[in-house]
Amino acid sequence: MAWLEAERGAVDALPPTDPVLRPAGDTRLLTFEAGGLHLSAPRFAAHRPERWTVIEDSVLMPGARVAPGARLSRAIIGPGAVVPAGLCLGRDPEEDARWFRVTPGGTTLVTAAMLARRAVARMPPHLSPHPMGSR
């Protein structure tokens, strides 16, 4: 499985007005650079929409990872958080608020602990670490 990863470099100047999209040395990667932030994502499986990761108006903190197929809109992903495939944030504020913190303006904060609680709660009962009825 491939992941979108963010690395922070030194910021020597102001960010460009338009982000720069450049081919990486490895043609299997799509690389995006702006204001000292370097993002790269795999190009493979572009013919399968469920493999696309969409990130709109969002911030990924250092160490955050986003699995293929996730969709983020107006989200802040905390350090070390691993967003699972298929998670959609920013489209349903009530569902987002059930698991994560949502500001009055609609921005969703996601931490590793919040994702872990969501994963445990969504496990099939026979796999859950909690005995029946103790939730």
Side-chain angles (χ1 to χ4, degrees):
M1 179 179 296
W3 298 84
L4 179 68
E5 297 188 38
E7 297 174 15
R8 174 106 186 166
V11 179
D12 296 329
L14 293 173
T17 54
D18 291 321
V20 179
L21 189 62
R22 324 180 177 163
D26 182 351
T27 58
R28 294 173 297 165
L29 291 178
L30 180 63
T31 300
F32 176 86
E33 296 179 27
L37 187 66
H38 172 86
L39 298 170
S40 60
R43 288 181 183 253
F44 68 88
H47 61 282
R48 294 174 48 200
E50 71 274 7
R51 300 289 301 192
W52 282 93
T53 300
V54 177
I55 302 175
E56 300 173 308
D57 301 324
S58 298
V59 175
L60 278 74
M61 302 301 286
R65 296 173 57 178
V66 180
R71 300 169 105 181
L72 311 178
S73 181
R74 296 185 53 103
I76 299 172
I77 310 302
V82 179
V83 177
L87 181 62
C88 184
L89 294 173
R91 304 283 188 236
D92 183 351
E94 288 180 15
E95 179 66 12
D96 291 351
R98 182 175 175 201
W99 306 109
F100 313 110
R101 283 223 174 130
V102 180
T103 69
T107 300
T108 305
L109 171 66
V110 178
T111 65
M114 293 173 186
L115 286 166
R117 280 193 298 273
R118 179 181 178 272
V120 168
R122 294 172 51 99
M123 279 185 176
H126 67 284
L127 296 176
S128 177
H130 303 288
M132 293 296 230
S134 69
R135 290 191 188 176

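Model, not experiment: these values are computed from the prediction. By convention here, the first residue in the shown sequence is residue 1.
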Heavy-atom closest contact (Ala75 atom, Leu89 atom, distance): CB-CD1, 4.3 Å
Salt bridge (Lys or Arg N to Asp or Glu O under 4.0 Å) contacts in which one or both residues fall within residues 83-92, not counting sequence neighbours: Glu56-Arg91
Side-chain (Ser73) to main-chain (Asp57) donor-acceptor, under 3.5 angstrom: no
Closest non-hydrogen atom pair between Arg117 and Trp99, with its separation: O-CZ3, 4.3 Å
Atom pairs and distances, donor-acceptor, side-chain atoms in residues 107-116, under 3.5 Å, two or more places apart:
from   : atom 1 : to     : atom 2 : distance (Å)
Thr107 : OG1    : Arg74  : NH2    : 3.2
Thr108 : OG1    : Asp96  : OD2    : 3.4
Thr111 : OG1    : Met114 : N      : 3.2

Single-linkage hydrophobic cluster Leu87~Val102, side-chain heavy atoms < 4.5 angstrom: no
Residue pair Ala67 / Ala85: nearest heavy atoms and the distance that separates them: CB-N, 3.3 Å
Pairs meeting criterion salt bridge (Lys or Arg N to Asp or Glu O under 4.0 Å) with involvement of residues 75-84, two or more places apart: none
Nearest-0.5 Å distance that lies between atom CD1 in Ile77 and atom CZ in Phe100: 8.0 Å
Heavy-atom closest pair, residues Ala70 and Pro84: CB-O, 3.7 Å
